[in-house]
> 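Please see the structure below; I have some questions.
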Amino acid sequence: MARWTVRIDPAWSLDAWRDAARLALRRGVAPEQLDWLQDQEHSLLDAPPLPASEDAGDAPTYVSKAFVELAATCLCHRDPQRLPLLYRLLWRIARGERGLLSNPTDPDVLRAIALAQAVRRDTHKMKAFVRFREVPGEQDAFIAWFEPEHHIVDRVAPFFARRFTGMRWAILTPSRSVRWDGQALSFGAGGRQADAPLEDAREALWRTYYANIFNPARLNTRMMQQEMPARYWKHLPEATLLPALVRDAGDRVQDMHDRAAQAPQRRIPERSIALRGPATATGDDLDALRTAAAACRRCPLWEPATQTVFGEGPRDAKVMLVGEQPGDAEDLSGHPFVGPAGQLLDQALNELGIDRSTLYLTNAVKHFRFERRGKRRIHSTPQVTHINACRPWLLREIEQVRPAVIVCLGASAATAVFGAGFKLMDNHGRWHALEDGTRAFATVHPAWVLRQPAGTARDAAYRLLLDDLARLPRAGDSADPAT
């Protein structure tokens with residue numbers, strides 16, 4: 001009986017194993033006729049390599065997605081017997097045992113499942129226990145050292161690329177390394193622990209935070225070591241605190257028990273903002289409102305945003321333009337309508353002979369809501385909860401400026417001013433009277449115009465915006481904007 005060898009490189013590659021297994025299967029090579037080699041291994045029986053040319057054989061064997069996923073996971077295990085094990089399973093499936101994987105008592109199936117579970121556990125540990133440290137002298141560059149049990153670096157790297165898209169990082173392990181430059185992953189040979197920084201300035205802050213959130217009343221050392229085995233502690237800066245935290249847990253629990261009960265306090269005090277009140281329209285009041293809005297925490301948009309973008313313009317402006325929310329350029333600069341949509345708005349105002357410096361410009365939502373796609377921050381429409389959270393700031397701006405006319409640019413602004421039932425495209429350009437007598441109308445947002453396909457569609461959208469804005473009063477016009 002002829003005997004052959006096949007080499008898998010890299011040893012965890014599903015594509016490499018699948019090509020070799022497909023070749024052996026089509027040539028009718030039984031599992032006992034194959035020596036599977038990896039890395040620098042040599043065949044003990046000096047069996048020749050399986051010829052690359054395929055002889056005419058049976059039609060390709062189709063396997064289930066479950067088998068492919070099982071094979072991809074098992075190949076990451078370091079057990080050298082995983083290669084012949086997987087081919088043995090494939091051989092049996094090809095020979096008629098189509099439901100093999102559903103047999104819970106089959107020894108080959110049980111072994112493959114055990115290998116896959118070990119790889120998944122190792123994958124989870126890597127995701128949980130990798131700690132990046134800043135590279136001294138470089139900005140936004142980080143390196144982590146980790147010692148996985150199995151060949152999981154290629155498997156886990158995309159997770160870190162998604163999670164830490166905005167920074168440059170590298171993960172070193174004894175047998176494999178991966179680097180993310182902000183655009184793509186690149187893999188290389190293993191490294192040394194000495195190549196990674198020992199610690200950085202952030203770790204002292206992290207240890208302080210970890211010590212303060214450690215709950216001695218929920219300490220379970222057996223479960224803790226089961227989820228965070230001691231072999232990983234050397235990678236974790238907080239692990240240096242564990243012996244003392246565990247030792248003092250009993251005393252801390254007793255102190256908590258003996259401590260007098262205290263009334264709960266809000267972590268971030270709620271700021272009360274009156275929605276109606278006397279409007280003094282003084283500069284000090286508007287400046288104070290801008291300062292207060294900078295510390296707003298009414299909705300979660302403040303956290304990823306660079307800053308609050310408040311309204312700007314004359315304090316006695318006759319016309320107030322209300323947009324949807326700041327964009328990327330506005331978030332970075334702190335000023336409203338300075339990005340592409342603002343430039344289109346400037347173009348429209350210039351065509352109509354309206355001086356932008358006479359207008360008060362603001363937004364219904366004061367923080368930039370976005371989604372990250374690589375290095376880019378893509379605008380994401382604010383939700384009604386965000387509009388409602390910011391509405392008190394808008395109402396106070398209206399009280400302070402007291403404009404004669406309010407123009408809502410886009411559906412979000414219309415919702416903030418007219419209510420949730422307002423239909424923009426049915427009512428654009430139509431005058432409405434607010435409760436306090438202020439005249440207002442809504443039109444499309446310049447950003448909506450820019451999103452239309454270039455050509456006829458965008459020209460028509462721009463004309464709609466221009467026609468609606470033409471209703472604004474100009475210098476010398478009647479004081480009644482409806483005339």
Side-chain angles (χ1 to χ4, degrees), residues 132 134-135 138-142 160-169 180-183 200-202 205-206 209 267-271 273 286-313 320-346 356 359-394 396-397 409-410 412-413 415-416 445-448 450-451:
F132 288 103
E134 190 169 16
V135 179
E138 295 189 33
Q139 185 175 4
D140 292 330
F142 299 83
F160 287 101
R162 292 190 300 269
R163 187 169 185 180
F164 301 107
T165 302
M167 71 184 200
R168 295 177 297 116
W169 53 260
W180 171 257
D181 62 4
Q183 298 292 333
D200 61 30
R202 293 175 174 84
L205 180 62
W206 166 243
Y209 172 74
R267 187 171 301 173
I268 301 176
E270 185 76 15
R271 289 179 172 83
I273 298 180
L286 198 58
D287 289 341
L289 191 62
R290 179 180 288 105
T291 301
C296 182
R297 301 294 185 266
R298 288 176 173 268
C299 76
L301 294 186
W302 68 272
E303 192 165 7
T306 304
Q307 57 192 314
T308 301
V309 181
F310 203 71
E312 291 182 353
M320 175 183 286
L321 267 58
V322 182
E324 178 187 74
Q325 67 166 357
D328 184 72
E330 290 79 8
D331 174 72
L332 296 175
S333 68
H335 302 289
F337 290 96
V338 295
Q343 295 168 14
L344 185 67
L345 177 62
D346 289 345
R356 169 172 167 153
L359 310 178
Y360 187 92
L361 285 81
T362 189
N363 284 293
V365 175
K366 309 302 186 189
H367 286 114
F368 180 31
R369 185 174 190 239
F370 59 90
E371 297 177 358
R372 281 204 176 274
R373 296 180 189 172
K375 290 187 175 181
R376 299 180 61 199
R377 302 190 302 173
I378 306 300
H379 162 276
S380 180
T381 303
Q383 298 177 352
V384 174
T385 54
H386 305 140
I387 297 172
N388 290 338
C390 268
R391 193 165 182 265
W393 300 114
L394 176 62
R396 289 299 301 273
E397 283 183 289
L409 301 176
S412 295
T415 297
H445 197 285
W448 176 81
L450 294 174
R451 287 196 294 269

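Reckoned from all heavy atoms, side chains included, excluding hydrogens, waters and symmetry mates. For reference, positions follow the sequence shown, starting with 1.
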> Would the distance check show the side chain of D181 and the main-chain N or O of Q183 forming a donor-acceptor pair, the cut-off being under 3.5 Å?
yes

> Are the side chains of V309 and T362 in contact, using a 4.5 Å heavy-atom criterion?
no

> Say whether, by atom type as modelled, one donor and one acceptor occur between the side chain of E324 and the main chain of T381 under 3.5 angstrom.
no

> Would you say the side-chain atoms of E330 pair up with the backbone N or O of V338, donor to acceptor, closer than 3.5 Å?
yes

> Looking at every non-hydrogen atom in both residues, tell me the closest pair between P446 and L344 and how far apart they are.
O-CD2, 3.5 Å

> Please lay out, stage by stage, how W393 and R298 fare under the test side-chain contact (heavy atoms from CB on, under 4.5 Å).
CA-CA 11 Å; W393 300 114; R298 288 176 173 268; 4.1 Å; yes

> Without swapping roles, check the side chain of D331 against the backbone of T306 for a donor-acceptor pair under 3.5 Å.
yes

> To the nearest 0.5 Å, how far apart are CZ in F310 and CG in N363?
11.0 Å

> Apply salt bridge (Lys or Arg N to Asp or Glu O under 4.0 Å) to residues R376 and E371 and explain how you reach the verdict.
CA-CA 8 Å; R376 299 180 61 199; E371 297 177 358; over 6 Å; no

> Starting at CD1 of I378, measure out to CZ of R373 and round the result to the nearest 0.5 Å.
5.0 Å

> With side-chain contact (heavy atoms from CB on, under 4.5 Å) as the test, would you mind laying out the steps for E312 and L361 before giving the verdict?
CA-CA 5 Å; E312 291 182 353; L361 285 81; 5.9 Å; no

> Measure the spacing between CD of Q343 and CG of L450 and express it to the nearest 0.5 Å.
9.0 Å

> Considering all heavy atoms of both residues, which atom of P300 and which atom of P304 are nearest to each other, and what is their separation?
O-CD, 3.5 Å

> I'd like to know whether L359 forms a side-chain contact (heavy atoms from CB on, under 4.5 Å) with M320, so could you lay out the CA-CA distance, the side-chain angles of the two residues, the decisive distance to 0.1 Å, and finally the verdict.
CA-CA 6 Å; L359 310 178; M320 175 183 286; over 6 Å; no

> What's the shortest heavy-atom distance between G323 and F337, and which atoms?
CA-CZ, 3.7 Å

> Keeping S333 on the side-chain end and H335 on the backbone end, is there a donor-acceptor pair under 3.5 Å?
yes

> Identify whether NZ of Lys or CZ of Arg in R377 sits under 6.0 Å from the centre of the six-membered ring of F370 and within 45° of that ring's axis.
yes

> Give me the atom names and distance for the closest heavy-atom approach of A413 to A364.
CA-CB, 4.0 Å

> Could you tell me the separation between the CD atom of E397 and the OH atom of Y360, rounded to the nearest 0.5 Å?
3.5 Å

> Would you say the side-chain atoms of Q307 pair up with the backbone N or O of A294, donor to acceptor, closer than 3.5 Å?
no

> Measuring from atom SG of C296 to atom NE2 of H367, what distance do you get when rounded to the nearest 0.5 angstrom?
6.5 Å

> Give a yes or no answer on whether the side chain of R168 reaches the backbone of G182 with a donor-acceptor pair at less than 3.5 Å.
no

> What do the steps show when you test W302 against K366 for side-chain contact (heavy atoms from CB on, under 4.5 Å), and what is the final call?
CA-CA 9 Å; W302 68 272; K366 309 302 186 189; over 6 Å; no

> Show your reasoning for whether side chain to side chain donor-acceptor pair (under 3.5 Å) applies to Q325 and H386.
CA-CA 10 Å; Q325 67 166 357; H386 305 140; over 6 Å; no

> Between F132 and W169, what is the ring plane arrangement, given parallel below 30°, perpendicular above 60°, and tilted in between?
tilted

> Where the side chain of T308 meets the backbone of A293, is there a donor-acceptor pair that is under 3.5 Å apart?
yes

